[in-house]
Amino acid sequence: MKYDIKNINLASEGIKKINWASKDMPVLAEIAKDFKKRKLFKKITIGACLHVTAETANLMIALKEGGANIVLCASNPLSTSDDVAAALVKYFKIPVFAIKGESNKKYLSHINSVLDAKPDITMDDGADLVSMLHKSRKDQIRKVKGGTEETTTGVTRLKSMAKEKKLLFPIIAVNNSTTKYLFDNRYGTGQSTLDGIIRATDKLIAGSVFVIAGYGWCGKGLAMRARGMGANIIITEVNAVKALEALMDGFRVMPMAKAASEADFICTVTGNTSVVNAETFKTIKNGCIVSNSGHFDVEIDLPALQKITKTKKILRDFVEMYKLKNGKTIYILAGGRLVNLSCAKGHPAEVMDMSFANQALAAEFILKNYKNLSKDVHILPEKLDQKIAELKLKNFGMKIDKLTSKQKKYMNEWRDGTK
Ligand code: ADE
């Protein structure tokens with residue numbers, strides 16, 4: 001079996017992390033039990049490009065138990081847990097191509113290694129796998145039944161491919177299930193981003209001015225949690241509705257150039273490019289800690305920063321000090337890569353349980369329905385989304401009410417109004 005990981009001897013640490021995460025992934029476990037009985041993925045190769053974490057490992061194991069042939073690479077050069085990668089290879093015989101801190105060249109060669117396995121189903125987080133397939137390995141596309149996409153950035157990329165009629169197989173946007181984005185993007189990003197910033201810097205959040213660029217679900221979660229820790233939050237936005245929402249959620253809202261002048265921390269979660277840019281660096285507060293929790297490392301304009309930098313130095317793991325020509329000092333975390341997975345371990349298993357239950361059910365959905373799906377970006381049927389929520393609630397020991405037949409009838413009756 002071919003693989004490329006940091007060190008197979010890390011496997012004994014990795015398996016502990018996989019097992020620890022698994023006890024908080026009961027919905028995925030229930031799906032895995034069912035997959036194991038049905039072996040529905042027999043003769044199916046799943047090529048996965050996901051953050052190589054303990055939670056992802058549990059998804060890979062579930063799919064393998066369903067009979068799939070799995071190959072995994074990282075969806076970011078800095079997000080791999082090397083011990084987990086080793087455990088997947090050693091104990092589960094799953095080929096992994098991922099090393100934390102790999103160069104971009106290596107990262108891309110690892111994606112190619114996954115594609116060498118000729119997947120029938122792709123599983124992506126950020127759309128690099130699908131993009132590579134369409135750009136340089138088109139000959140393989142005929143074999144692909146469909147793919148899944150985990151994150152907002154990937155869905156945006158795939159939708160623009162579909163709009164240009166360049167997407168050559170159907171995609172299930174796992175990100176767009178409510179049991180994914182309402183929990184993973186909000187509570188997952190909220191917690192793991194702060195976790196990453198704190199692990200990297202050991203700084204106190206209370207009393208700080210914390211600027212968050214972007215008030216989507218990730219930004220909302222981060223703002224909620226940073227406020228909970230006593231930060232004074234400023235939101236920057238380009239969307240008027242989201243800016244209003246932030247305002248009425250009780251946050252200050254202003255343009256980045258102004259916000260930066262007060263910022264002790266800036267964190268970008270927009271999915272867009274050059275959000276912290278040359279203009280920001282002119283006004284930025286001396287000593288500001290700048291990080292990104294969006295998928296790609298483009299939100300902080302590092303080339304623009306480089307131009308105005310006198311010297312730079314790595315002060316500690318994932319913290320780089322930039323001394324600017326204008327006399328200010330700022331700190332960039334994880335080279336602008338996603339701070340929650342570079343400096344911490346990503347979202348907790350409790351939310352990844354639902355995200356990856358969606359991934360697992362999406363893979364099954366593709367297998368059953370690919371012939372009838374257009375070459376476009378689709379979402380999972382609401383019934384499956386609800387099923388995941390019901391299983392999760394059950395696991396929390398919670399019961400909820402059911403509609404009575406009178407209520408069901410009322411909800412479908414337009415004649416009843418003021419009597
Ligand atoms: N994305 C964010 N957190 C993650 C995690 N723990 N595992 C896989 N993908 C993630």
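Position 1 is the first residue of the sequence, and the numbers go up from there. Order of appearance sets the numbers: ligands from 1, and atoms from 1 within every ligand.
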Atoms in ligand 1 with a heavy atom of Thr56 nearer than 4.0 Å:
7 (N), 8 (C)
Atom 10 (C) of ligand 1 sits nearest the protein heavy atom Met352 CE, 3.6 Å
Tell me if the NZ atom of Lys23 is crowded by more than 12 foreign heavy atoms within 6.0 Å.
yes
Heavy-atom contact check, 4.0 Å cutoff: does Leu341 meet ligand 1?
yes
I'd like to know if Asp128 pairs up with Arg157 as an ion pair, taking the criterion as any Lys NZ or Arg NE/NH1/NH2 lying under 4.0 Å from an Asp or Glu carboxylate oxygen.
yes
For Thr53, is at least one N or O under 3.5 Å away from an N or O on ligand 1?
yes
State the atoms of ligand 1, each with its element, that fall below the 4.0 Å cut-off from a heavy-atom position in Phe356.
8 (C)
Checking the N or O distance criterion of under 3.5 Å, is ligand 1 in contact with His347?
yes
SB check Lys118 Asp139 (cutoff 4.0 Å):
no
Assign the ring pair Tyr215 / Phe251 to parallel, tilted or perpendicular, where the plane angle (0 to 90°) is split at 30° and 60°.
perpendicular
Any atoms of ligand 1 less than 4.0 Å from a non-hydrogen atom of Lys345? List them with their elements.
6 (N)
Look at the aromatic rings of Phe41 and Phe35 and report parallel, tilted or perpendicular, splitting at 30° and 60°.
perpendicular
Looking only at distance, does Glu55 have an N or O less than 3.5 Å from an N or O of ligand 1?
yes
Sub-4.0 Å heavy-atom approach of Glu150 to ligand 1:
no
Is any NZ, NE, NH1 or NH2 atom of the basic residue among Glu245 and Lys220 found under 4.0 Å from an Asp or Glu carboxylate oxygen of the other?
yes
Ile197 backbone acceptor or donor facing Thr201 side chain under 3.5 Å
yes
